Chemist: 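Sending over a structure as structure tokens; questions will come in a sec.
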Amino acid sequence: MDRGTDARNFLLGNVIPLKFGYVGVVNRSQEDINFNRSVKDALAFEEKYFLTLPAYHGLAHCCGVPQLAKKLNMILLKHVTNMLPGLKTRINAQLVAVAKEHAAYGDTVESVAGQGVKLLNILRKYCEAFSSMVEGKNRVSTDKLSGGARIHYIFQSIFVKSLEEIDPCKSISDEDIRTTIQNSGGPKGAMFLPEVPFEILVRKQIGRLLDPSLQCAQFIYDELIKISHSCLISELQKFPALKKRLSEVVCSFLRDGLRPAETMITHIIEMEMDYINTSHPSFVGGTKVVELAKHEVLPPKTSASLSGRKDGTIVGSEIQLAAERSQKSRAVFARDAIRRVTSEQASVEAETSLTGGNQIGNSQVGESSSKLPSIIPLKEPPITLKPSETEQDATEVAVVKLLIKSYYDIVRKNIEDAIPKAVMHFLVNHTKRDLHNFLIRKLYRENLLNELMRETDEVLMRRQRIQEMLEILEQAHRTLEEFPFEVDKLEKGYNLTEHATGLSKIHGVSGDSTNVIYTSSPNCYSPHRASHMVL
């Protein structure tokens with residue numbers, strides 16, 4: 001300011017208001033620089049200047065370099081205080097993430113004993129992760145089914161549901177049933193309920209359950225393979241040879257477990273086929289199945305009349321009477337055929353005796369010959385014979401179908417319960433119980449340790465970078481923890497008699513050299529100390 005003028009109105013903010021206000025300072029002149037006047041002397045002259053001029057009375061808080069330094073440092077302190085919590089949070093989060101990754105990589109192991117211990121730990125963690133995924137105790141996914149939940153879905157929503165949708169009589173035609181009934185009767189024909197055809201046909205339908213049961217076991221095997229591939233992925237990435245060998249051994253173990261499961265499934269189906277238990281309490285047979293068959297075969301009126309009867313005794317007697325009538329008609333037909341053949345044989349004998357005995361005239365021989373009956377030729381049976389169809393046959397077909405459906409439902413429920421149990425015992429639970437010991441026997445060998453535990457160059461470089469990053473973040477964390485205790489010293493005040501600049505010594509905030517901050521000469525600038533001031 002020129003002589004006779006002052007900046008009081010500016011300092012009070014009456015001319016151009018500013019958010020942080022104004023601070024008036026007295027700069028060193030070129031003469032002061034030429035005569036090497038110290039900063040301390042310059043600050044003393046500045047203090048005297050503001051104290052002696054009446055225009056600046058009452059404005060000591062905004063006059064002088066020390067007040068400017070104090071205000072700037074307080075602004076910086078407030079800014080750092082506001083930013084410090086977020087900065088601490090980000091550094092702590094990075095520190096935790098890097099420390100976790102560093103722990104995952106671990107330290108480099110050179111000795112054979114150390115490699116063996118590390119391999120055993122990996123195998124133990126792998127089997128624990130496998131069991132946890134099967135049991136659903138691992139990290140639970142919220143977007144898709146995984147692990148043991150998929151195994152349960154295969155059992156209940158695929159296997160059981162598929163069996164329940166099968167119609168046991170869909171692949172059997174009525175003609176097939178009639179053919180089986182008549183073939184089972186042999187030359188005598190069937191007289192009573194077709195028990196043998198029922199057993200033949202129901203065994204065939206039970207045999208159809210083998211393929212879906214084996215396919216269910218294969219599905220579970222595939223799921224276990226998927227689970228094995230998703231266990232300990234990050235840990236095994238460091239050891240490619242171990243990862244490859246481990247996958248081969250686990251697949252071999254699962255294949256060995258699949259074979260006894262398939263054998264057991266085959267035995268279960270064969271047991272159901274070998275013994276048809278018609279005494280099962282849930283099996284519908286006897287007069288009840290005959291009555292049901294009559295309802296399906298007879299017209300509605302006849303069926304309604306039959307439904308009014310108290311039991312199936314009359315129905316059974318009608319079937320028996322029909323069978324007797326059929327047998328009587330066959331007997332009458334056979335008796336007529338025998339009589340016809342006997343008559344023909346008598347005529348042939350009479351002709352022979354006339355020719356070889358007494359000689360009779362030609363006219364008499366001709367007259368006798370014309371009275372003999374001619375032989376009726378029979379048609380040869382065709383290569384393929386189709387069964388006949390009567391009302392009785394329709395009833396028998398309906399009875400067989402009902403018997404097949406009733407017994408098939410019993411077997412289906414047994415299979416739906418037994419197959420999952422067999423797969424869980426021989427494959428899933430067997431893997432959980434014995435996989436760990438199997439892996440140790442196959443992989444924990446001294447001649448394989450160097451090969452299995454060899455890390456890639458990329459892993460080694462990554463471990464070194466993570467180690468360096470961890471050290472930097474730990475140093476930053478310590479600095480931030482110490483920083484608030486140091487900046488609090490700024491609030492203790494400013495004493496010009498104790499410090500040349502009027503500022504207390506704060507490490508990393510202000511310096512103790514008088515030529516660092518307040519000099520106007522570029523030759524006296526110190527980059528090193530200025531960098532500490534900025535920090």
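As the structure is a computational prediction, the values presented were derived from the model and not from experiment.
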Chemist: Ignoring hydrogens, what is the shortest heavy-atom contact between M264 and A422? Give both atom names and the distance.
Modeler: CG-CB, 4.0 Å
Chemist: Check E481 with R478, please: is the shortest side-chain N to carboxylate O separation under 4.0 Å?
Modeler: no
Chemist: Closer than 3.5 angstrom, by distance alone: can the side chain of T431 be matched with the main-chain N or O of L427 as a donor-acceptor pair?
Modeler: yes
Chemist: Would R245 and E451 pass as an ion pair if we require N to O under 4.0 Å?
Modeler: no
Chemist: What is the minimum heavy-atom distance between Y408 and L209, and which atoms define it?
Modeler: OH-CD2, 3.2 Å
Chemist: Indicate the ring-plane relationship of Y56 and F50, choosing parallel, tilted or perpendicular according to the 30° and 60° boundaries.
Modeler: perpendicular
Chemist: Run the numbers on R150 and I227 for side-chain contact (heavy atoms from CB on, under 4.5 Å), then give the verdict.
Modeler: CA-CA 10 Å; R150 290 183 60 88; I227 292 175; over 6 Å; no
Chemist: Can a donor-acceptor pair be found between the side chains of Q467 and E471 at a distance below 3.5 Å?
Modeler: yes
Chemist: Within a reach of under 6.0 Å around CZ of F10, are more than 12 heavy atoms found that belong to other residues, nucleotides or ligands?
Modeler: no
Chemist: Kindly say whether N277 contributes a backbone atom to a donor-acceptor pair with the side chain of Y407 at under 3.5 angstrom?
Modeler: yes
Chemist: Minimum heavy-atom separation for E135 and K432, please, with both atom names.
Modeler: OE2-NZ, 3.0 Å
Chemist: As an exercise, state the distance from CZ of F239 to CG of L246, rounded to the nearest 0.5 Å.
Modeler: 12.5 Å
Chemist: Yes or no on side-chain contact (heavy atoms from CB on, under 4.5 Å) for F155 and I151, after CA distance, side-chain angles and deciding distance?
Modeler: CA-CA 6 Å; F155 284 148; I151 294 176; 3.6 Å; yes
Chemist: Determine whether more than 12 heavy atoms belonging to other residues, nucleotides or ligands lie under 6.0 Å from atom CE of M469.
Modeler: no
Chemist: Which value, rounded to the nearest 0.5 Å, describes the distance between L163 atom CG and D409 atom CG?
Modeler: 11.0 Å
Chemist: Using the side-chain contact (heavy atoms from CB on, under 4.5 Å) rule, take L460 and Q464 through it: C-alpha gap first, then chi angles, then the decisive distance, then the call.
Modeler: CA-CA 6 Å; L460 297 175; Q464 184 178 358; over 6 Å; no
Chemist: Can you tell me if CD on E165 sees more than 12 non-hydrogen neighbours from other groups inside 6.0 Å?
Modeler: yes
Chemist: Quick check against the 3.5 Å criterion: does Y126 have a side-chain atom that pairs as donor or acceptor with the backbone of S228?
Modeler: yes
Chemist: Any non-hydrogen side-chain atom of M453 less than 4.5 Å from a side-chain atom of I122?
Modeler: yes
Chemist: Please check if the number of heavy atoms outside Y153 that lie under 6.0 Å from its OH is greater than 12.
Modeler: no
Chemist: Main chain of L51, side chain of H57: is a donor-acceptor contact present, judged purely on distance under 3.5 Å?
Modeler: yes
Chemist: Checking side-chain contact (heavy atoms from CB on, under 4.5 Å) for the pair K226/E223: CA distance, chi angles, key distance, verdict?
Modeler: CA-CA 5 Å; K226 293 177 183 178; E223 288 300 322; 3.6 Å; yes
Chemist: Of E455, E101, E468, which meets salt bridge (charged side-chain N to carboxylate O under 4.0 Å, His left out) against R462?
Modeler: E101
Chemist: For the backbone of Q475 and the side chain of T479, can you confirm whether one donor and one acceptor N or O come within less than 3.5 Å of each other?
Modeler: yes
Chemist: Hey, could you give me the CG/CE distance between N414 and M271, rounded to the nearest 0.5 Å?
Modeler: 10.0 Å
Chemist: Roughly how far, to the nearest 0.5 Å, is the CG atom of N27 from the CD atom of E46?
Modeler: 8.0 Å
Chemist: When rounded to the nearest 0.5 angstrom, what is the spacing between CD1 in I268 and OG in S213?
Modeler: 8.0 Å
Chemist: Indicate yes or no for a side-chain donor-acceptor contact from S252 to the backbone of E248 under 3.5 Å, with no hydrogens or angles considered.
Modeler: no
Chemist: How about L12 and L59: do any of their side-chain heavy atoms sit closer than 4.5 Å?
Modeler: yes
Chemist: Rounded to the nearest 0.5 Å, what separation is found between the NZ atom of K137 and the CD atom of E128?
Modeler: 11.5 Å
Chemist: For R203 and M273, work out which heavy atoms get closest and say how close.
Modeler: NE-O, 2.6 Å
Chemist: Do R208 and D211 sit within salt-bridge range, that is, some charged N less than 4.0 Å from a carboxylate O?
Modeler: no
Chemist: Over all heavy atoms of both residues, which pair between C216 and I154 is shortest? Give the atoms and the distance, please.
Modeler: SG-CG2, 4.3 Å
Chemist: Under 3.5 Å, is there a donor-acceptor pair linking the side chains of N92 and T89?
Modeler: no
Chemist: Parallel, tilted or perpendicular for F253 and H430, by the 30°/60° rule?
Modeler: parallel
Chemist: Side chains of L77 and N73, heavy atoms from C-beta outward: is any pair under 4.5 Å?
Modeler: no
Chemist: Looking at every heavy atom in both I410 and S282, which two are closest together, and how far apart are they?
Modeler: CD1-C, 3.8 Å
